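Presented below is the structure to which this report refers.
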Amino acid sequence: QVQLVESGGGLVQAGGSLRLSCAASGRTFSTYARGWFRQAPGKEREFVAAISRSGGSTFYADSVKGRFTISRDYAKNTVYLQMNSLKPEDTAVYSCAAGQVPSDDYSDYGSWGQGTQVTVSS
């Protein structure tokens, strides 16, 4: 198992930027692919982005493509989600996850962080 802790959420105006971090501890960082998901009030959990174990492949939901960037720093055991051109509809609790493959299906991930709130005001 790997333990995950997110940080970097907050309140930002539409058009602004935030960078979320997800620090890992426990099993070897590079063992896992990583994903970001989000859940807004009253809505189902939604895939945002994923990155492969090597970092060589990345995947994005259509709704964030071109605005969000997922990356990983092996020296810091951390995965990042750079979010630019934020919109009010990006408001949600963002959670990172670790799994065997970089999937858009939350059931493919076995470890989850506690989540961090992102609020985008109009």
Side-chain angles (χ1 to χ4, degrees):
Q1 284 287 349
V2 60
Q3 290 74 49
L4 305 172
V5 178
E6 302 95 337
S7 61
L11 174 64
V12 63
Q13 288 188 332
S17 299
L18 282 175
R19 189 178 77 160
L20 305 184
S21 300
C22 178
S25 61
R27 290 196 64 183
T28 305
F29 176 72
S30 62
T31 299
Y32 297 96
R34 304 288 287 281
W36 284 97
F37 289 76
R38 67 187 181 186
Q39 189 166 20
K43 295 187 177 181
E44 293 187 352
R45 182 165 33 188
E46 175 188 26
F47 168 74
V48 176
I51 189 166
S52 61
R53 298 181 188 188
S54 69
S57 297
T58 56
F59 307 88
Y60 298 94
D62 289 342
S63 59
V64 307
K65 202 170 294 183
R67 300 188 297 123
F68 291 11
T69 302
I70 188 172
S71 61
R72 59 194 304 168
D73 184 330
Y74 293 90
K76 296 182 178 180
N77 288 347
T78 299
V79 169
Y80 301 100
L81 185 68
Q82 177 67 44
M83 306 186 296
N84 298 328
S85 301
L86 283 161
K87 304 175 182 180
E89 51 263 45
D90 294 319
T91 295
V93 174
Y94 284 70
S95 299
C96 69
Q100 297 301 314
V101 294
S103 172
D104 62 358
D105 185 342
Y106 71 87
S107 65
D108 287 329
Y109 295 89
S111 298
W112 290 83
Q114 83 288 350
T116 185
Q117 176 71 46
V118 171
T119 302
V120 184
S121 63
S122 57

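Numbers for residues simply follow the sequence, beginning at 1. Source: prediction; values computed, not measured.
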**OP:** Show the numbers, then the answer: is there a side chain to side chain contact (heavy atoms under 4.5 Å, CB included) between Arg53 and Tyr32?
**Re:** CA-CA 5 Å; Arg53 298 181 188 188; Tyr32 297 96; 5.7 Å; no
Would you indicate whether the side-chain heavy atoms of [Y] and [X] approach each other to under 4.5 Å?
{"X": "Arg38", "Y": "Val118", "result": "no"}
{"X": "Gln117", "Y": "Thr91", "result": "yes"}
{"X": "Ile51", "Y": "Pro102", "result": "no"}
{"X": "Ser63", "Y": "Glu89", "result": "no"}

Looking at every non-hydrogen atom in both residues, tell me the closest pair between [X] and [Y] and how far apart they are.
{"X": "Gly26", "Y": "Gln3", "result": "CA-OE1, 3.6 Å"}
{"X": "Ser121", "Y": "Leu11", "result": "CB-CD1, 4.3 Å"}
{"X": "Tyr109", "Y": "Gly99", "result": "CD2-N, 3.6 Å"}
{"X": "Leu4", "Y": "Ala24", "result": "CD2-CB, 3.8 Å"}
{"X": "Gly115", "Y": "Ser95", "result": "CA-OG, 3.6 Å"}

Subject >> Lys65 with Asp62: basic N within carboxylate O range, under 4.0 Å >> reply: yes
Following the transitive rule for hydrophobic clusters with a side-chain heavy-atom cut-off under 4.5 Å over Ile, Leu, Val, Met, Phe, Trp and Tyr, establish whether [X] and [Y] coincide in one cluster.
{"X": "Tyr80", "Y": "Leu86", "answer": "no"}
{"X": "Val79", "Y": "Met83", "answer": "yes"}
{"X": "Tyr106", "Y": "Tyr94", "answer": "no"}

Original post:
Under 3.5 Å, is there a donor-acceptor pair between the side chain of Arg72 and the main chain of Ser52?
Top reply: yes
**OP:** Return yes if some donor-acceptor pair links the side-chain N/O of Gln114 with the main-chain N/O of Val5 below 3.5 Å, else return no.
**Re:** no
**OP:** For side-chain hydrogen bond (donor to acceptor under 3.5 Å, both in side chains), just list the numbers for Asp105 and Ser103, CA-CA rounded to whole Å, side-chain angles, deciding distance to a tenth of an Å, and then say yes or no.
**Re:** CA-CA 5 Å; Asp105 185 342; Ser103 172; 5.3 Å; no
[atom1]-[atom2] distance between [X] and [Y], expressed to the nearest 0.5 angstrom:
{"X": "Thr116", "Y": "Leu18", "atom1": "OG1", "atom2": "CG", "value": "9.0 Å"}
{"X": "Arg67", "Y": "Ser85", "atom1": "CZ", "atom2": "OG", "value": "7.0 Å"}
{"X": "Ser122", "Y": "Gln13", "atom1": "OG", "atom2": "CD", "value": "9.5 Å"}
{"X": "Arg19", "Y": "Thr69", "atom1": "CZ", "atom2": "OG1", "value": "11.5 Å"}

Original post:
What ring-ring contact (aromatic ring centres under 6.0 Å, His included) pairs are there with at least one residue in residues 47-68, not counting sequence neighbours?
Top reply: Phe37-Phe47
Original post:
Val48 pairs by side-chain contact (heavy atoms from CB on, under 4.5 Å) with which of Val64, Asp104, Leu20, Ile70?
Top reply: Val64
